[in-house]
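Working notes for the structure below.
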Amino acid sequence: MLKQKTIAFLGAGSMAEAMISGLIQTEKVPADQIIVTNKCNQDRLNRMKYKYGVRTVSLSDMPYDEVDFFILAMKPKGAEETLAAIKDVIRANQVVISVLAGISTSYMEERLNQGQEVIRVMPNTSSMIQESATAMSAGAHCDNNNTLLVQELLECMGKVYVIDEAQMDIFTGLAGSGPAYFYYLMEQMENIGKGSGMDGETARKIAAQTLYGAAKMIIEKEESPANLREKVTSPNGTTAAGLDALKKYNGGEAISQAVNHAARRSKEISKELDRVLVTS
Ligand SMILES: NC(=O)C1=CN([C@@H]2O[C@H](COP(=O)(O)OP(=O)(O)OC[C@H]3O[C@@H](n4cnc5c(N)ncnc54)[C@H](O)[C@@H]3O)[C@@H](O)[C@H]2O)C=CC1
Ligand SMILES: O=C(O)[C@@H]1CCC=N1
């Protein structure tokens, strides 16, 4: 049962905080069974302890025996050092879960002891409000019961998609980085509203409500984006004029390139990290 599990976050940045926030709201795991550590910045740990009631420790004081799930939440380049630090102090059935872009299950398995249970996960920052689109792929040695428990854990933060690990890079481009594209879009909408004399805060809320309504229509009505777009578009009307401009300025291409470049960067990170192992 999830309620009896102890979860340790190794890394206390934006992603760890978003996940902790989502998790705490469900009350599925008591706050004192969530342990948070980071490399430095005691202030950050103090603030998280105060805000969420979690336990905070330095890595050297981590009560390894107590922990069921270790969540790696540092930058990808910090993974090597952390995996080396935990390798011989954890048991094979204590699951190592990575949220790091570009870190594969085999990367973790190669650096941990034989038979170690590992799971690769890609959440997004909407975990903060339990609205993440999160992917997970289990490693070669993961026990089915643990895989289901980790899925249940991630469901505290939003929707979970169990995917083939080969799709993790594109998932990262779509959903891990995805919120940033929509924030960028909304920044533009807010600015154009402001530039046309609208109050900035109102323009921001209008942009957000419009995006939220459109996303909710797709989720609740189960209609394709193309169908829904057609319903907005009157012949020779305002939307047609707007969409023509989007096409003229390569809006579709820009979106495809954003997702592809992010996915490519995820692959590159994997290669860069593997190179470190080969050359060291
Ligand atoms: N920010 C996002 O939207 C998403 C981030 N990720 C992944 O999450 C990871 C963390 O990203 P952010 O939270 O944005 O970064 P961040 O820079 O906000 O936080 C990183 C944290 O890791 C700590 N840290 C560094 N080395 C460490 C070590 N050896 N042991 C323990 N803690 C250590 C730092 O002190 C800091 O608290 C990255 O690998 C990223 O790929 C994944 C999905 C979404
Ligand atoms: O920008 C990054 O590398 C991380 C991974 C997905 C979202 N943020």
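In each ligand, atom 1 is the first atom listed, and ligand 1 is the first ligand listed. It should be emphasised that the depicted structure is a prediction, and the values quoted were computed from it without experimental measurement.
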For [atom], closest protein heavy-atom neighbour:
| atom | value |
| --- | --- |
| atom 1 (O) of ligand 2 | Ser177 OG, 4.7 Å |
| atom 20 (C) of ligand 1 | Ala73 O, 3.8 Å |
| atom 4 (C) of ligand 2 | Ala101 CB, 4.9 Å |
| atom 19 (O) of ligand 1 | Gly13 CA, 3.1 Å |
| atom 17 (O) of ligand 1 | Lys75 CE, 3.2 Å |
| atom 34 (C) of ligand 1 | Asn38 CB, 4.2 Å |
| atom 23 (C) of ligand 1 | Gly11 CA, 3.7 Å |

Quick one, [X] and [Y] - any side-chain contact, counting heavy atoms below 4.5 Å?
| X | Y | answer |
| --- | --- | --- |
| Val96 | Ile71 | no |
| Phe9 | Ile35 | no |
| Gln94 | Phe70 | yes |
| Tyr107 | Ser270 | no |
| Leu83 | Leu112 | yes |
| Met136 | Val160 | yes |

Open item on the list: Counting only heavy atoms not in Phe182 (residues, nucleotides, ligands), do more than 12 fall under 6.0 Å from its CZ?
Closed with: no
Hey, which atoms in ligand 1 end up nearer than 4.0 Å to a heavy atom of [X]?
| X | result |
| --- | --- |
| Thr125 | 2 (C), 3 (O) |
| Val99 | 6 (N), 7 (C), 8 (O), 42 (C) |
| Pro123 | 43 (C), 44 (C) |

Using a plain distance cutoff, I'd like to know if [X] has any nitrogen or oxygen under 3.5 Å from a nitrogen or oxygen of ligand 1.
| X | answer |
| --- | --- |
| Ala12 | yes |
| Leu59 | no |
| Met15 | yes |
| Ala101 | yes |
| Ser14 | yes |

- [ ] Would you indicate which of Met122, Met48, Met74 comes nearest to atom 24 (N) of ligand 1 when only heavy atoms are counted?
- [x] Met74
- [ ] Can you sort out which atoms of ligand 2 are near Gly176, meaning under 4.0 Å from one of its heavy atoms?
- [x] 6 (C), 7 (C)
Expected output: side-chain [X] to main-chain [Y] donor-acceptor under 3.5 Å:
| X | Y | value |
| --- | --- | --- |
| Gln116 | Asn93 | no |
| Ser256 | Gly252 | yes |
| Gln33 | Arg55 | no |
| Asn146 | Glu117 | no |
| Gln130 | Gly22 | yes |

Open item on the list: Using heavy atoms and a 4.0 Å limit, tell me yes or no: is Thr82 in contact with ligand 1?
Closed with: yes
TODO: Verify the contact flag for atom 6 (C) of ligand 2, where contact means a protein heavy atom under 4.0 Å away.
DONE: yes
